[in-house]
Amino acid sequence: MASEKKSERGIRIAIDRGGTFTDCVGNPGTGKMEDDKIIKLLSVDPQNYDDAPLEGIRRLLSEFQGKEIPRGEPLDTSKIESIRMGTTVATNALLERKGEDIAMVVTKGFKDCLEIGNQSRPNIFDLAIRKPEVLYKKVVEIDERVTLEDYAEDPERHQTDAAAAEDASEDAELVKGLSGEAVRILQRPKEDQIRQQLQEVYDSGLRSIAVCLMHGYTYPKHEALVGRIAKAIGFEHVSLSHELMPMIKLVPRATSACADAYLTPAIRKYINGFQKGFAGGLGTESVKREEGSKGARCEFMQSDGGLVDVDIFSGLRAILSGPAGGVVGYALTSYDPNTKTPVIGFDMGGTSTDVSRYGSGRYDHVFETTTAGVTIQSPQLDINTVAAGGGSRLFFRNGLFVVGPESAGAHPGPACYRKGGPLTITDANLYLGRLLPDFFPKIFGKNEDEGLDEGASEKAFKELTEQINKEVARGEGSGKKGEMSTDEIAYGFIKIANETMTRPIRSLTEARGHDTSKHRLATFGGAGGQHAVAIAEALGISQILIHRYSSVLSAYGMALADVVDERQEPESKVWSDDGDVRKYLQGKMEDLKKKSTATLRDQGFEENQIRFEEYLNMRYRGTESALMVVKPSKEEAEKEHNGEEWAFGKAFVKQHEQEFGFTLPDRDIIVDDVRARGIGKTFEGLEKTVDQQLKEVKPKDIKGDEKVYGKRSVYFDGGRQETAVYKLEDLAVGDRIRGPAIIADGTQTIVVTPDASALLIDTHVVINLGESDGQDTKVDTKEADPIMLSIFAHRFMAIAEQMGRALQKTSVSTNVKERLDYSCALFDSDGGLVANAPHLPVHLGSMSTCVQKQAEIWRGKLKKGDVLVSNHPMFGGTHLPDITVITPAFSGDKIVFYVASRAHHADIGGILPGSMPPHSRELFQEGASIKTEKLVSEGHFNEKRITELLLDEPARYPGCSGTRCLPDNLNDLKAQIAANQKGINLISALIDDYGEEVVQFYMRNIQDNAELSVRNLLKDVSKRFEGHDLSAVDYMDDGSPIQLKVTIDAEKGEAVFDFTGTGPEVYGNTNAPEAVTYSAIIYCLRCLIKEDIPLNQGCLSPVKVVIPKKSFLSPSGTAAVVGGNVLTSQRVTDVVLKAFNACAASQGDCNNLTFGFGGNIEGEKAVKGFGYYETIAGGSGAGPDWDGTNGVHTHMTNTRITDAEVFERRYPVILREFSLRAGSHGKGQHKGGDGVVRDIEFRIPVQVSILSERRVYHPYGLEGGGDAACGQNVWVRRVPKMKGSDADAQANGNKDGSSKQENPPNAPGKRHEAGEDTADEEYRHINMGGKNTASMQPGERIIVKTPGGGGWGPVGKGSETRQHERQDPKHSWRGGSIASRQAEAEASA
């Protein structure tokens, strides 16, 4: 283990309690690896023992002391130096939803903040939207409120000064928060009221609560008060958000507090039970109390890769406890601080695979992650999980090979587990000879004494082979004539699984600016050794490290890990290299380090064992993507910053350039947080690193049958080969085995391919890959091969996804970075869509119209390095704020494909800020319109021309301004260019691998495959609706009809979508360019297919769309269209789904809200200002076997909402309420979802606009289900009082009771707050209608009440909707959650 000083106590034990197995590594105190004892036992085995870790410790102590300790006897701690554990108790409680019953305490107006979350839905094509359930049983709203006085988008950069909270008077309205920002106290909490509210919760039987109040991260006084009252009442556990993670963002902080309150009691319960098994206590405190049998140190692994004393281990930090040990294990055993070669960790278990990276001697941490559907804020190792493991199921669907995400689990398990399970990756490995039954535990069959059943795997594969060959022969597959062998098919699935697993590895490394091929691959976990070589080949990695303890590496990692104490405080200073700011931040850092040192000393560490990593969380002003920047090391400071160690500013700029590809030299750098990570060193490095061992080892090739355990026929690329099998324990250090070979022991199987070799060193098996890049075999382009087709489907989609990631990272605006309002796609040389990452449905089909138009216009005129830009609706645009950037890719002189990215720009000019005017009548009023321009000419960015188009041209029209945020437009356009370049580089790499002919061939075939899927769907639908009339009509709020008749040719699988009867062009802005209707049809077809198919041009081949010219679905070139994209598109979707009788209407709207001020109207002085744009969720429609979902985005959009605290930090607003609109759903056998109430008060004069629908026509129910409530937009306006008016009645005249806060909290003596009448003025609620704009004054509000979703089926008929979901608490996040592998992590081990 670690080379530490040997003490007389001696015994050190490290344990990883996994979902299936518990691994224990013990050392008698010598610290030598050869003296380690390893025990692997089942995590749950009630016949034999109550607690697996306790049983493991009993067995190890018996072994080390040379005498059997009887079960049940308390274990003597006097011989134990330390116990270290990683546990899945917290993860399992979260996965199974079996934590403590809790209540959440939150600021008034936000009781539903966690149910609404960020308002996006997890799967955009699932009509039955499923969001994870919330963790709390009850919510308590506290009548308290604070807000930030200044706002980040203020063009004047005004900063209010205020006294620190502790120095301010009791009734001060302005105080300085912990972050240094001025905080205004609007409403102080009333103690008596809180006591009464919490007592009610206590009396209901709940004993654990989570507290998260608005801006509690910077002003924690109100949270602390609630905490004190709760403890006095007798609550056993109180989680306060500011103590757990004082970072901005209400929703993640509240979820974190809930997760902590939910999980910590479960962990404490487990630890108390565990401690009872010892004579003498565990933990630092018991070591100090030297009573009786002296206590032993006991530490638990946290999600951040650090250990913490048993007494302070909490639920929030325990979620990735198990996987974190594995990362620590490979990081400390595979990384050499001298050679600094970075390592990628590949941990393949039964249900999923964890991927991580370790470089530069530090762990990569992330601060916001989602596990089992719960988004939490807490430092965690950056571990990405893919839903592909040994137990992943295999399918042949729509002519493609599919692996996962469904898993066979531990029961019934793979087909070979003798329980009648389905075909899985484990079966494919077994059938191909890559898994050896001899080395697998004999725990199967009736009496649990049989090995793996090879016959079952073979039988299932033969049946699948027959089915695939039949489909392919009928032309339903890819059109390949020659029959495929069972070997080829099983190997095909292995290749697809490898492709699925390499995708996240590429994005993990390349997205951070690292080159994958410059890494080593460290593989561990039950199934890793069978796939390691193929994964490394695909990534261009030449060396693989497999630790001798790779199957128990998580436990081994616990033994090597350090004890960690994390401290963090919020901040808001602007970074500067001068003395004052730096001194202030250094002072803050020193305070944190002092607290950390005290905690670590308390745990028995001396000063010389304590190290620190110092971080500042920094970002450019106006962006939300902060980077956690570590203080440069002495070495880096000497090399790069003239010896200056506190060069955080320079380090930030360098890291920003590396990660995002650009810097913003003219912007301030803001410090958001100060963080100190105190490390108590217990491990001083291995005796020899891998690199030192490789230098010293003298390789000796194993010849002939020397040391061979047996032979086996194993399938490799090209056919089966007779392969030697070696037992790991029979091999000596220095032995080198040339592939093909299999090396195995009782816990792992390592496959060495023909062009690789394996070398044994003390600690690892090192696999070196040959020169072959795995692509020697010529790919045939006469006939499409379904395996290659599946691989290319993955590759093309991965390219679009990586473009999207690049765009999100390199952009500056909130719209792209936070709200994710963008799309990226890949097109063939004619502009036909090949792959579109599923970002926003409304962009799906419309981008190809745009690319096809531009390809036609510029045919023969484009050169390498040219980039085009367009947003005009007649040229394939949707509405003007969506600007499309198109880059051609050349091979020689000819264009071989195009890539394009489309992003919503927050402002591009026009009559109103935000460029979404509700009353536009002509296109020019909506801002800059670009038919076609070169944005880049042969590599030169044409800034002058694009500035003219965005800033000067729109301002020439009457009443119009140019863009109000030109720097953001230019930065986002550059980000789009960079994203396109990323796509071109990735396709060029694909062409280098396979050749242009092959890539082009599969581009065409992937389109044919999508066409086939849609034809099959249409044939299926025609059967279901035989004799039915597939037609529907619905109306816009202005009465314009959208009429549709669908005619299906059952034989050919073709359909005509005929919109004849649709209303004429509108003198308004709900006209929708034709491209929008195509997008809606592609989206609906994909929802109806209910399976993953490539979304591309082929989807529309079997569909003919008839749109009457001059209707509002085919408007003229000057018609206003801004509402067509966001409103009419939703109605077209409703009509298509209604025609197919698929589900009731959803809210049918995006509720577009914009506000801001400023502009450069011609003839007037330009005013610096800002524009803000958001879309607001509503209810989703119910269906034949599901209820609608509350407060979620539906159909054509899926953008996120800005977090409440970030919203108030950036803009001059107070968010009074953001909650569900109770009772707005349609009733029925399955009820629709509720809409939301969003109540915003403005603090300065701004122009506010709302562009919405379903304010007149209700979202319809189907099959007897009720209609949902219409939406309503209310302006709470201050007006002079009329003599004799009944002010009170008017001020509170809100009949439907949906807004619970018509008289919100007031700031004593500050100014008139919304809702507070005076002698001369009163507040009135004014209905703004669906589309309106108003100049709102300070204290005035807009209340947007969004529509619900329609119901399905008559009320009173029994609903079976969620029955199966109640039985299966995991239904909401099945498939790809970050910790899903925990449930039965090593099912295939």
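All values reported here derive from a predicted model rather than from experimental measurement.
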Test side chain to side chain contact (heavy atoms under 4.5 Å, CB included) on L400 and N398; report intermediate values, then the result. CA-CA 6 Å; L400 292 178; N398 298 313; 5.6 Å; no
Tell me, with the steps shown, if Y1083 and H1195 meet ring pair (Phe, Tyr, Trp, His ring centres under 6.0 Å). CA-CA 8 Å; Y1083 164 77; H1195 300 326; 5.7 Å; yes
Might you point out which heavy atoms bring A800 and A835 nearest each other, and give the distance in Å? CB-O, 4.0 Å
Heavy-atom check, side chain of F827 versus side chain of V899, under 4.5 Å: no
Counting N and O atoms only, with roles assigned by atom type, does the side chain of N1005 sit under 3.5 Å from a partner on the main chain of F1001, one being a donor and the other an acceptor? yes
Parallel, tilted or perpendicular, as decided by the 30° and 60° cut-offs, for the rings of H519 and H514: perpendicular
Could you check if a side-chain atom of S915 sits within less than 4.5 angstrom of a side-chain atom of L880, using non-hydrogen atoms only? no
Could you give the distance from NE2 (H794) to CG (L789), rounded to the nearest 0.5 Å? 11.0 Å
Nearest heavy atoms of N980 and S901, plus distance in Å: OD1-OG, 3.1 Å
In terms of heavy-atom contacts, P1073 and P873 come closest through CG-CB, 3.5 Å
Can you check ring pair (Phe, Tyr, Trp, His ring centres under 6.0 Å) on Y994 and Y1002, steps first, answer last? CA-CA 11 Å; Y994 289 97; Y1002 279 102; 8.3 Å; no
Spell out, as yes or no, whether a donor-acceptor pair under 3.5 Å connects the side chain of E1011 to the backbone of I1006. no
Mind checking whether F1057 and K1104 have side chains closer than 4.5 Å, heavy atoms only? no
Exercise: do D828 and Q1000 side chains pair donor with acceptor under 3.5 Å: no
Taking 4.0 angstrom as the limit, do D382 and R357 come out as a salt bridge? no
Between CZ of R795 and CD of E499, what distance do you get to the nearest 0.5 Å? 4.0 Å
Side-chain polar contacts of residues 1116-1129 - donor-acceptor pairs under 3.5 angstrom, sequence neighbours left out - could you list them?
| unit_1 | atom_1 | unit_2 | atom_2 | d |
| --- | --- | --- | --- | --- |
| S1116 | OG | E1065 | OE1 | 3.2 |
| S1116 | OG | E1065 | OE2 | 3.0 |
| N1125 | ND2 | H879 | NE2 | 3.1 |
| N1125 | ND2 | D882 | OD2 | 3.3 |
| T1128 | OG1 | T1070 | O | 2.6 |
| S1129 | OG | N1125 | O | 2.6 |

Can you find a pair of side-chain heavy atoms, one from I987 and one from F796, that are under 4.5 Å apart? no
Donor-acceptor check, side chain of T849 to backbone of A1075, threshold 3.5 angstrom: yes or no? no
The reported gap from CG in L868 to NZ in K853 (rounded to nearest 0.5 angstrom) is 14.5 Å
Taking all atoms of both residues into account, what is the closest heavy-atom pair of T1133 and A1080, and its distance? OG1-CB, 3.9 Å
Measure the OG1-CG distance between T1077 and L1113 for me, rounded to the nearest 0.5 Å. 4.5 Å
Is any NZ, NE, NH1 or NH2 atom of the basic residue among E801 and R506 found under 4.0 Å from an Asp or Glu carboxylate oxygen of the other? no
Report, as yes or no, whether the 6.0 Å neighbourhood of atom NZ on K934 holds more than 12 heavy atoms from other residues, nucleotides or ligands. yes
Applying side chain to side chain donor-acceptor pair (under 3.5 Å), name anything that partners T1154, two or more places apart in sequence or on another chain. none
Answer yes or no: is there a donor N or O on one side and an acceptor on the other, between the side chain of N871 and the main chain of I930, under 3.5 Å? yes
Exercise: do N1198 and S120 side chains pair donor with acceptor under 3.5 Å: no
Side-chain donor or acceptor of Q1130 paired with backbone N/O of M1196 under 3.5 Å: yes
Find out whether L1100 and I1081 are in side-chain contact, i.e. whether some heavy atom of one side chain is under 4.5 Å from a heavy atom of the other. yes
For a quick test of reading the model, state the closest non-hydrogen atom pair linking V851 to G831 and the distance between them. CG1-CA, 3.7 Å
Between D972 and Q976, does any side-chain donor sit less than 3.5 Å from a side-chain acceptor? no
Any donor and acceptor pair, going by atom type alone, linking the side chain of R667 with main-chain N or O of R621 inside 3.5 Å? yes
Just by distance, with hydrogens left out, do T1199 and D821 show a side-chain donor and acceptor under 3.5 Å apart? no
Under a plain distance cut-off of 3.5 Å, with no hydrogens placed, do N1069 and S920 share a side-chain donor-acceptor pair? yes
Look at the side chain of D866 and the backbone N and O of L862, then say whether any donor-acceptor pair between them is shorter than 3.5 Å. no
Non-hydrogen side-chain atoms of M788 and V998 separated by less than 4.5 Å: no
Check whether any side-chain heavy atom of E1074 sits under 4.5 Å from a side-chain heavy atom of M874, and report yes or no. no
Can any side-chain N or O of R964 pair as donor or acceptor with the backbone N or O of L912 at less than 3.5 Å? yes
Quick check against the 3.5 Å criterion: does Y620 have a side-chain atom that pairs as donor or acceptor with the backbone of H656? no
Rounded to the nearest 0.5 Å, what separation is found between the CD atom of Q852 and the CG atom of L833? 9.0 Å
For R121 and H1193, does a side-chain donor sit closer than 3.5 Å to a side-chain acceptor? no
Can you check salt bridge (Lys or Arg N to Asp or Glu O under 4.0 Å) on E1174 and R1200, steps first, answer last? CA-CA 9 Å; E1174 70 179 21; R1200 297 176 177 185; over 6 Å; no
Can you list the steps and then say if I496 with V402 is a side chain to side chain contact (heavy atoms under 4.5 Å, CB included)? CA-CA 7 Å; I496 305 306; V402 180; over 6 Å; no
Does the side chain of P786 reach to within under 4.5 Å of the side chain of F401, using non-hydrogen atoms? yes
Measuring from atom OG of S870 to atom CD1 of I857, what distance do you get when rounded to the nearest 0.5 angstrom? 7.5 Å
Should we count CG of D893 as having more than 12 external heavy atoms under 6.0 Å? no
With a 3.5 Å distance limit and no angle check, can you tell me whether N1096 reaches the backbone of G1098 through a side-chain donor-acceptor pair? yes
Report the C-alpha separation of R956 and D952 in whole Å, then their side-chain angles, then the decisive distance to 0.1 Å, and conclude whether the side chain to side chain contact (heavy atoms under 4.5 Å, CB included) test is met. CA-CA 7 Å; R956 293 187 184 132; D952 305 335; 4.2 Å; yes
Of all the heavy-atom pairs spanning A806 and A979, show the shortest one and how long it is. CB-CA, 4.2 Å
Output, in order, the C-alpha distance, side-chain angles, deciding distance and verdict of side chain to side chain contact (heavy atoms under 4.5 Å, CB included) for H904 and Y822. CA-CA 6 Å; H904 185 111; Y822 64 83; over 6 Å; no
Please step through side-chain hydrogen bond (donor to acceptor under 3.5 Å, both in side chains) for the pair T1175 and N1152, ending with a clear verdict. CA-CA 5 Å; T1175 59; N1152 305 271; 5.7 Å; no
Assess the side chains of R902 and T884: does a donor N or O sit below 3.5 Å from an acceptor N or O? yes
